[in-house]
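Please read all numbers here as calculations on a predicted model, not as lab measurements.
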Amino acid sequence: MRATTTGRASSKRALGKSAAFVFVFVLALIWLVPIIMMLVVSFMPPDQRAPRFGGLLISGVSLDNYVTVFEDAEIVMHFFNSAAITIPSVILVVIISSLAAYALARLQFFARDIWFYLLIMTLMLPIPTLVVPIFQINKSLGLNDNYAGLILPYTALGVPFAIVILRSFFANFPIEIEEAARLDGCTRFGIYWRIMLPVSWPAVAVVIIWQFMTSWNEFILALVTMNSVDVKPLTLVPLVYSGQFMMRPGPMFAILTLITLPVIVVYYLMQRFMVSGLTAGAVRG
């Protein structure tokens, strides 16, 4: 009787796992449909006006759209512009947020928790509401058509989320290790630099992935800040092919595919840290 009950429980667990797998698989397919459509249209032959079956079928495979993109736009220059904006913003966010998160997690100072809650509140501000103020600030500081005009706003917008992730990790780090380091004569900064930062790599990886995706794909601030062609990031290039009636969908989706590739590469290289970093500090002990 007990064996029968155990077998039924095992069967129910197996059925539940199978159902969950099917559900997640279907959701993944639905999520992948726009990406598949983007890839399909990017390889669409130039003589085909539009893909069939909702953008999933084309008459053949052609690289002409990619050739057109590289001939019409200086992709290497725009790629360098995006990298010159994204990489410094990622580095600044990691440095500033890790220092602030360590202070908010370990140091005692006036209104510490209030400052942290104020930072969390800034996450509720959508970027479109900040476009005009940021544009006015950049204009008064002479930062329009300048890399710094995007690096600094991206850094400021990315720091609050990064602090939330890193503070959770630092707050649940064993205090005994810090006390032992202080007994050995290590300073506060030494503890942060030699102990806390190296072991917080999973959380730092989450910050790097998130900030890279956010800065690399951002469009609105780049549109209003960068007017000169030689400083425009890669995300503004699709505007060349998106007219009133989108007459050139092939090249537009080809450049969108090129924009997506670096994000996929960065996520692939650091994906093993993503889950552990997001859950770091969620459970004590």
Closest contact, heavy atoms only, [X] versus [Y]:
{"X": "Ser97", "Y": "Val159", "value": "CB-O, 4.1 Å"}
{"X": "Leu119", "Y": "Pro160", "value": "O-CB, 3.6 Å"}
{"X": "Thr68", "Y": "Pro251", "value": "CG2-CG, 4.3 Å"}
{"X": "Gly149", "Y": "Asn138", "value": "O-ND2, 3.0 Å"}
{"X": "Ala83", "Y": "Trp216", "value": "N-CZ3, 3.8 Å"}
{"X": "Ser168", "Y": "Asn172", "value": "O-ND2, 2.8 Å"}

[X] versus [Y]: any side-chain heavy-atom pair under 4.5 Å?
{"X": "Ile175", "Y": "Arg106", "result": "yes"}
{"X": "Val33", "Y": "Met38", "result": "no"}
{"X": "Thr257", "Y": "Tyr66", "result": "yes"}
{"X": "Leu123", "Y": "Phe161", "result": "yes"}
{"X": "His78", "Y": "Val229", "result": "yes"}
{"X": "Tyr102", "Y": "Leu197", "result": "no"}
{"X": "Val93", "Y": "Val90", "result": "no"}
{"X": "Phe135", "Y": "Leu221", "result": "no"}

When hydrophobic residues are tied together by side-chain contacts of less than 4.5 Å, even through go-betweens, does [X] share a cluster with [Y]?
{"X": "Val76", "Y": "Ile255", "result": "no"}
{"X": "Val26", "Y": "Met37", "result": "no"}
{"X": "Ile209", "Y": "Ile95", "result": "yes"}
{"X": "Val69", "Y": "Met77", "result": "no"}
{"X": "Val204", "Y": "Leu269", "result": "yes"}

Return yes if some donor-acceptor pair links the side-chain N/O of [X] with the main-chain N/O of [Y] below 3.5 Å, else return no.
{"X": "Asn146", "Y": "Gly142", "value": "no"}
{"X": "Thr214", "Y": "Gln211", "value": "no"}
{"X": "Asn65", "Y": "Ala254", "value": "no"}
{"X": "Thr187", "Y": "Gly190", "value": "yes"}
{"X": "Glu218", "Y": "Ala222", "value": "yes"}

Interatomic spacing from [atom1] in [X] to [atom2] in [Y] - rounded to 0.5 Å:
{"X": "Thr235", "Y": "Asn81", "atom1": "OG1", "atom2": "CG", "value": "10.0 Å"}
{"X": "Ser82", "Y": "Leu236", "atom1": "OG", "atom2": "CG", "value": "8.0 Å"}
{"X": "Cys186", "Y": "Ile191", "atom1": "SG", "atom2": "CD1", "value": "5.0 Å"}
{"X": "Ile134", "Y": "Leu143", "atom1": "CD1", "atom2": "CG", "value": "11.5 Å"}
{"X": "Glu71", "Y": "Asp64", "atom1": "CD", "atom2": "CG", "value": "9.0 Å"}
{"X": "Leu27", "Y": "Trp31", "atom1": "CG", "atom2": "CH2", "value": "12.0 Å"}

Neighbour count above 12 (heavy atom, 6.0 Å) for [X] [atom1]:
{"X": "Leu261", "atom1": "CG", "answer": "yes"}
{"X": "Arg182", "atom1": "CZ", "answer": "no"}
{"X": "Glu178", "atom1": "CD", "answer": "yes"}
{"X": "Phe21", "atom1": "CZ", "answer": "no"}
{"X": "Arg188", "atom1": "CZ", "answer": "yes"}

*Please confirm whether Arg167 makes a cation-pi placement over Phe116, using NZ or CZ under 6.0 Å from the six-membered ring centre and within 45° of the ring normal.*
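The answer is yes, since Arg167 meets both limits relative to Phe116.
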*How far apart are the C-alpha atoms of Leu152 and Ile137, what are their side-chain angles, what is the distance that settles it, and do they pass the side-chain contact (heavy atoms from CB on, under 4.5 Å) test?*
CA-CA 11 Å; Leu152 296 178; Ile137 293 173; over 6 Å; no
*Are Phe43 and Phe253 close enough, and set up right, to give a side-chain contact (heavy atoms from CB on, under 4.5 Å), and what steps lead you there?*
CA-CA 9 Å; Phe43 289 107; Phe253 280 93; over 6 Å; no
*Between the side chains of Asp145 and Ser228, does any donor sit under 3.5 Å from an acceptor?*
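Asp145 vs Ser228: donor-acceptor pair found between side chains.
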*asked:* Regarding Ser89 and Thr155, do their side chains bring together a donor and an acceptor under 3.5 Å, going by distance alone?
replied: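 Checked: Ser89/Thr155 side chains show no N/O donor-acceptor pair below 3.5 Å.
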*Compute the centroid of each ring, for Tyr192 and then for Phe189, and state whether the two points are separated by less than 6.0 Å.*
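Yes; Phe189 has its ring centre under 6.0 Å from that of Tyr192.
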_side-chain contact (heavy atoms from CB on, under 4.5 Å) evaluation trace for Met226 with Ile85_ = CA-CA 12 Å; Met226 300 301 194; Ile85 294 168; 4.0 Å; yes
*Look at the rings of Tyr147 and Phe80 and say which category their plane angle falls in: under 30° parallel, 30 to 60° tilted, over 60° perpendicular.*
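Ring orientation of Tyr147 relative to Phe80: perpendicular.
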*Is there a side-chain contact (heavy atoms from CB on, under 4.5 Å) between Tyr154 and Leu92 once you walk through the steps?*
CA-CA 10 Å; Tyr154 291 169; Leu92 288 174; over 6 Å; no
*Option passing side chain to side chain contact (heavy atoms under 4.5 Å, CB included) with Leu104 (candidates Asp113, Val164, Ile163)*: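 Running side chain to side chain contact (heavy atoms under 4.5 Å, CB included) over Asp113, Val164, Ile163 with Leu104 returns exactly one hit, Ile163.
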